[in-house]
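Data block below; observations after.
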There are 2 protein chains.
Amino acid sequence: MTPAEGPPRTPITIDRRARNKADKQHRIFVAAASLFTGLGYSAVTTQMVADRADVGTGTLFRYASSKAELLMMVLNEQMRLATREGVLASEAGDSPVDAIMALLAPQIHLSLEFPENTAVYQREILFGSERGPYRAEALARISELENAIADILARFALVSRVRSGVDLRGAARTMFSTLHMELIRVSLGREDPRALPGTLRAHVDVLLYGVLAPA
Amino acid sequence: MTPAEGPPRTPITIDRRARNKADKQHRIFVAAASLFTGLGYSAVTTQMVADRADVGTGTLFRYASSKAELLMMVLNEQMRLATREGVLASEAGDSPVDAIMALLAPQIHLSLEFPENTAVYQREILFGSERGPYRAEALARISELENAIADILARFALVSRVRSGVDLRGAARTMFSTLHMELIRVSLGREDPRALPGTLRAHVDVLLYGVLAPA
DNA sequence: ACTCACTTCGGAGTCTAGTCCGTATGTTAG
DNA sequence: CTAACATACGGACTAGACTCCGAAGTGAGT
């Protein structure tokens, strides 16, 4: 109780609110992560997540604005790691195709391990209308990949010159659209993953050197 | 009433079952079409469709296995026309870019007219898990477009030879993935349609001639 | 005409994502 | 310490897609 000495009491309990919040946030994350990875998106109900996190459903939806956002919250973590890993690995590749394969390898791995979850993730990235923070982060992950493609193109452009009139950033987008579509096909099980290296190689080859022979 | 003259009675009512069915089918189609085009996918409830078609909800779902199939049933018609139109128009174009633009123009037009419906249509094509006949038809429409791209490539390959080692069918797929992604972006309003000709042109240019200059 | 096997119908009911609002809990002022 | 306020909570509730099963309709055989 010394008067002029800052907060005399409750220094521990101060910000209890923030801590409760962080705690709930954490419980929800853990609950969602274990349920989604264990059962897959469609088999999980929001009720299950709320129960396991020991919060009410009303509360659940103030931490994530929809079931899809909940999934993104969880997958963003995995994607963050996969992207970082891919970007690092891609720096070593010494042909554009190898670099791009190295970049995407971790993503492909994830898609094969959790097909349903990654398919929903991709679906939400493309078609979701949420404004929530988790979707925003997912979009950032995608941008990161697109930028990595641009970097790879730029790196190899030093060796073998870029054709005049080609905008590298635009070309990266062209290339990424194609590769993204392949990732989706893998998530959906539409494509035998063993065929993937060959398919990607063909895509990248066409994109780098074109369909037509120079006149 | 002459006795020996084929089916004496109920020649009209024969196959009443099939006709009832066709009739309901038709009522459902009309109801769904007017509601979806008038209000947009999300504002329409299956109950509204059932009511307007004057059938029960149980009945509705034996004619289309989900709300999304209902939409596809309706949009397949529009897509069929748009595709036919596009394919015809593309035969006139005298550069690959012009031909492809002509091919896709009707699709783009549809996307701008009914953004929500076409976005859902695209979403279901990519991510839908239904086995119903209407989704199958939608997939057929997409194949048709991909084939048309292959045809265009083949046509122009006569003039300016295809680079050795390039598989035309595969290249068509590469190209279509990119263009499909652009169509989706337009449906979703992510891209100013006025920028589209330029964007498509850039994509097609990269795909035909590649990013890199020949060594 | 009557019956029987079979198909189709339709609305009551189920399931689940997401909302609403009264209650509880933490925070600050006096 | 108490009052007044702000914020967070959570479960009853709603909405809407989809299912289920008893009822009704249909056509064949006699």
Side-chain angles (χ1 to χ4, degrees), chain A residues 1 7-28 31-32 35-36 39-73 120 123-124 128-132 134, chain B residues 7-28 31-32 35-36 39-73 120 123-124 128-132:
Chain A
M1 298 301 188
R9 239 194 244 212
T10 63
I12 314 162
T13 55
I14 250 175
D15 251 348
R16 179 151 34 193
R17 214 163 216 167
R19 294 211 280 129
N20 275 348
K21 229 172 141 169
D23 187 45
K24 282 205 172 69
Q25 162 73 46
H26 182 249
R27 275 170 14 230
I28 288 171
L35 286 168
F36 282 135
L39 302 175
Y41 188 75
S42 62
V44 173
T45 67
T46 54
Q47 191 55 213
M48 285 167 146
V49 178
D51 288 350
R52 183 175 291 209
D54 196 30
V55 298
T57 54
T59 306
L60 182 65
F61 282 101
R62 72 181 40 258
Y63 284 82
S65 59
S66 70
K67 187 183 175 187
E69 275 266 305
L70 217 45
L71 179 77
M72 293 200 170
M73 178 178 88
V120 174
R123 188 185 73 198
E124 291 301 314
S129 52
E130 318 268 341
R131 289 262 167 241
Y134 298 116
Chain B
R9 241 194 244 212
T10 63
I12 314 161
T13 56
I14 248 174
D15 251 348
R16 178 150 39 190
R17 223 171 210 158
R19 294 213 279 131
N20 274 347
K21 228 171 143 170
D23 188 45
K24 282 205 172 69
Q25 161 74 47
H26 182 249
R27 271 166 21 226
I28 288 170
L35 286 167
F36 282 135
L39 303 175
Y41 188 75
S42 63
V44 173
T45 68
T46 54
Q47 192 57 233
M48 284 167 162
V49 178
D51 289 349
R52 182 176 292 208
D54 195 30
V55 299
T57 55
T59 306
L60 182 65
F61 282 100
R62 72 181 43 256
Y63 284 82
S65 60
S66 70
K67 187 183 175 185
E69 275 266 304
L70 216 46
L71 180 76
M72 294 200 170
M73 177 178 89
V120 174
R123 189 186 72 200
E124 290 301 314
S129 52
E130 317 268 340
R131 289 265 166 240

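Letters A, B, ... are given to chains in the order of the sequence lines, protein chains preceding strands, and every chain is numbered from 1.
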| For B:T57 and C:dG10, is the shortest distance between a side-chain N/O and OP1 or OP2 below 4.0 Å? | no
| Distance, rounded to the nearest Å, where A:Q47 contributes CD and C:dT14 contributes P | 17 Å
| field | side-chain N/O B:N20 vs C:dT8 OP1/OP2, d < 4.0 Å | value | no
Side chains of residues 41-48 of chain B: which donor-acceptor partners sit under 3.5 Å, not counting sequence neighbours?
residue: B:Y41; atom: OH; partner: B:A68; partner atom: N; Å: 3.4
residue: B:S42; atom: OG; partner: B:E116; partner atom: OE2; Å: 2.8
residue: B:T45; atom: OG1; partner: B:M48; partner atom: N; Å: 3.1

| Which of residues 59-67 of chain A sit near DNA chain C, with a heavy atom under 4.0 Å from it? | A:F61, A:S66, A:K67
| remark: Nearest heavy-atom contact between B:A53 and B:R27 is O-NE, 3.0 Å
| If you measure from the Lys or Arg side-chain nitrogens to the Asp or Glu carboxylate oxygens, is any gap between A:D23 and A:R19 under 4.0 Å? | no
| request: Please state how far atom CZ in A:R19 lies from atom P in C:dT25, giving the value in whole angstrom units. | output: 17 Å
| said: Whole angstroms only, please: what is the CG-P distance between A:D23 and C:dG26? | reply: 12 Å
| remark: Closest non-hydrogen contact found for B:T59 with B:K24 is CG2-CD, 4.0 Å
| request: Have a look at A:V49 and tell me which of A:T57, A:V55, A:L60 forms a side chain to side chain contact (heavy atoms under 4.5 Å, CB included) with it. | output: A:L60
| query | Any side-chain N or O of A:K24 under 4.0 Å from OP1/OP2 of D:dC9? | reply | yes
| Which whole-number value in Å describes the distance from A:R16 CZ to D:dT7 C1'? | 14 Å
| request: Give one of base, sugar-phosphate or nothing for B:V49, where a contact means two heavy atoms less than 4.0 Å apart. | output: nothing
| Nearest heavy atoms of A:A64 and A:E69, plus distance in Å | CB-CB, 4.3 Å
| Over how many whole Å does the gap from A:L39 atom CG to C:dT16 atom P extend? | 13 Å
| query | Just how far, in rounded Å, is P of D:dG16 from CG of B:L70? | reply | 16 Å
| said: From the set C:dA17, D:dA12, C:dT8, return the single nucleotide nearest to any side-chain atom of B:K21. | reply: C:dT8
| 5' precedence on DNA chain D between A:V55 and B:A68 (nearest-nucleotide basis) | A:V55
